Undergrad: 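Structure incoming, see below.
These numbers come from a predicted model, not from an experiment. In this chain, numbering begins with 1 at the start of the sequence shown.
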Amino acid sequence: MLRNLKSRKYRLIGRQAPQRSPAMAGKKVLIVYAHQEPKSFNGSLLKITVEELTKQGCSVTVSDLYAMQFEPRATRNDIVGPLHNSKAFNYGVETWEAYKRGGLSKDVVEEQKKVQEADLLIFQFPLFWFSMPAILKGWMDRVLVQGFAYDLSKAYDGGLLQHGIMHFCGVKVLEPHISYAPERVSEEKRKEMLTAWSQRLKTLWKEEPIDCSPAWYFK
């Protein structure tokens, strides 16, 4: 059965309301989730994240890319209306021009709105060939377009191109949380991994952003 899910709002029900931190209450969190199986280890991490941040008083939205059947391909279909240059298609130029005139496709605009409203972005995914799954890379290609996420006129101020996708787009980046090879360890070890993530979530808002600049940049 196909589902037409643009996002999922998760709320805890049937439980006594927990004590909420005034500093966390009202914070908006967007989780961009890229895994096919809800019963997977990634699914368990997602469940813990939603429950813990909801307990803290946050409003949590999940973009479940596989459940949404999110289109990962960056194509002409992302532009509504006439092209800026119909003779030679350039995705970067066309999406920039479309963004300026409000001409991006509905699904892209909806994801951009979620990003704009979020105080915290969490990208949840397994590593495929030492990188993110193609569906998540497609989300970044289509959603984080010029004009919305970055301005190339300032791209070389401070060497931003060396700092990766998120820092390049002006996002303050926290230390990645990596669970190594959960499919190869014991059930007890997987539980320890889940507990470690749950504990980190309790103090996540107190963490300082990491320095995304590579060491060689300062030499």
Side-chain angles (χ1 to χ4, degrees), residues 1-10 26-36 46 50 53 58-126 128 131-174 209 212:
M1 180 175 64
L2 299 181
R3 295 181 181 179
N4 183 21
L5 300 178
K6 294 302 181 185
S7 67
R8 291 180 177 177
K9 287 271 189 177
Y10 291 79
K27 294 285 188 181
K28 293 186 176 182
V29 180
L30 172 61
I31 305 173
V32 184
Y33 176 69
H35 198 284
Q36 308 94 325
L46 176 65
V50 172
L53 293 178
C58 301
S59 174
V60 182
T61 298
V62 178
S63 281
D64 187 339
L65 301 185
Y66 285 103
M68 293 161 57
Q69 297 189 355
F70 184 82
E71 171 59 73
R73 295 172 298 178
T75 69
R76 164 69 175 83
N77 293 331
D78 293 345
I79 294 91
V80 177
L83 294 176
H84 178 70
N85 182 355
S86 60
K87 295 181 179 180
F89 182 74
N90 182 308
Y91 187 81
V93 171
E94 294 298 341
T95 51
W96 181 30
E97 294 294 335
Y99 173 76
K100 290 189 291 184
R101 61 178 171 81
L104 291 172
S105 61
K106 182 180 177 181
D107 62 333
V108 171
V109 173
E110 288 177 351
E111 293 303 301
Q112 289 178 341
K113 183 178 180 182
K114 296 177 194 176
V115 172
Q116 284 181 316
E117 294 177 347
D119 299 295
L120 174 66
L121 277 170
I122 297 177
F123 293 94
Q124 165 99 45
F125 59 93
F128 289 174
S131 184
M132 67 188 78
I135 197 168
L136 179 54
K137 179 56 166 62
W139 183 95
M140 293 186 176
D141 289 344
R142 297 182 63 222
V143 175
L144 304 180
V145 299
Q146 184 178 356
F148 170 73
Y150 62 93
D151 180 359
L152 275 180
S153 67
K154 301 177 182 178
Y156 296 95
D157 295 349
L160 288 179
L161 283 174
Q162 287 82 15
H163 298 185
I165 297 172
M166 289 296 105
H167 193 273
F168 177 73
C169 292
V171 177
K172 294 180 180 179
V173 182
L174 300 181
C212 295

Undergrad: Looking at every heavy atom in both L104 and V108, which two are closest together, and how far apart are they?
TA: CD1-CG1, 4.1 Å
Undergrad: What residues form a side chain to side chain contact (heavy atoms under 4.5 Å, CB included) with E94, not counting sequence neighbours?
TA: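 E94: side chain to side chain contact (heavy atoms under 4.5 Å, CB included) contacts with I79, L83, H84, N85, F89.
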Undergrad: To the nearest 0.5 Å, what is the distance between NZ (K172) and CG (L121)?
TA: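 Separation between the atoms: 14.0 Å.
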Undergrad: Under 4.5 Å between any side-chain heavy atoms of V29 and D119, yes or no?
TA: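 Heavy-atom side-chain distance check fails, nothing below 4.5 Å.
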Undergrad: Do E111 and Q116 make a side-chain contact, defined as non-hydrogen atoms from C-beta onward lying under 4.5 Å apart?
TA: no
Undergrad: Where is the tightest heavy-atom contact between Y33 and Q124, given as atom of each residue plus distance?
TA: CD1-CG, 3.2 Å
Undergrad: Would the F123 and W139 ring centres measure less than 6.0 Å apart?
TA: yes
Undergrad: So for atom NZ, which belongs to K100, do other residues, nucleotides or ligands contribute more than 12 heavy atoms lying within a distance under 6.0 Å?
TA: yes
Undergrad: If you apply the rule side-chain contact (heavy atoms from CB on, under 4.5 Å), what do you find for V32 with I122, and how did you get there?
TA: CA-CA 6 Å; V32 184; I122 297 177; over 6 Å; no
Undergrad: Under 3.5 Å, side chain of T75 to main-chain N/O of N77, donor-acceptor pair present?
TA: yes
Undergrad: Can you see which heavy atom on A34 is nearest to which on P126, and at what distance?
TA: O-CD, 3.1 Å
Undergrad: Check side-chain hydrogen bond (donor to acceptor under 3.5 Å, both in side chains) between Y91 and all other residues, then give those that pass, not counting sequence neighbours.
TA: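 Testing Y91 for side-chain hydrogen bond (donor to acceptor under 3.5 Å, both in side chains), a comparison that skips the adjacent residues, returns D78.
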Undergrad: Tell me the closest heavy-atom pair linking F70 and D107, and the distance in Å.
TA: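 Heavy-atom minimum between the residues: CE1-OD2, 4.4 Å.
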Undergrad: Under the side-chain hydrogen bond (donor to acceptor under 3.5 Å, both in side chains) test, which residues partner R73, sequence neighbours left out?
TA: E71
Undergrad: Heavy atoms, side chains only, cut-off 4.5 Å: are L46 and I31 in contact?
TA: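 Yes - at least one pair of side-chain heavy atoms lies under 4.5 Å apart.
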Undergrad: Check whether any side-chain heavy atom of S131 lies under 4.5 Å from a side-chain heavy atom of K137, and answer yes or no.
TA: no
Undergrad: Between the side chains of T61 and K28, is a donor N or O closer than 3.5 angstrom to an acceptor N or O?
TA: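 Distance-only check fails for T61 and K28.
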Undergrad: Is any side-chain heavy atom of Q112 closer than 4.5 Å to a side-chain heavy atom of L144?
TA: no
Undergrad: Hey, are the side chains of P133 and Y66 touching, using non-hydrogen atoms and a 4.5 Å cut-off?
TA: yes
Undergrad: Over all heavy atoms of both residues, which pair between S63 and K114 is shortest? Give the atoms and the distance, please.
TA: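 It is OG-NZ, 2.8 Å.
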Undergrad: Taking the side chain as everything from C-beta on, heavy atoms only, tell me whether P72 gets closer than 4.5 Å to R142.
TA: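 Not in contact.
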Undergrad: Can any side-chain N or O of T95 pair as donor or acceptor with the backbone N or O of G92 at less than 3.5 Å?
TA: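 Yes: the side chain of T95 pairs with the backbone of G92.
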Undergrad: Side chains of L120 and L30, heavy atoms from C-beta outward: is any pair under 4.5 Å?
TA: no
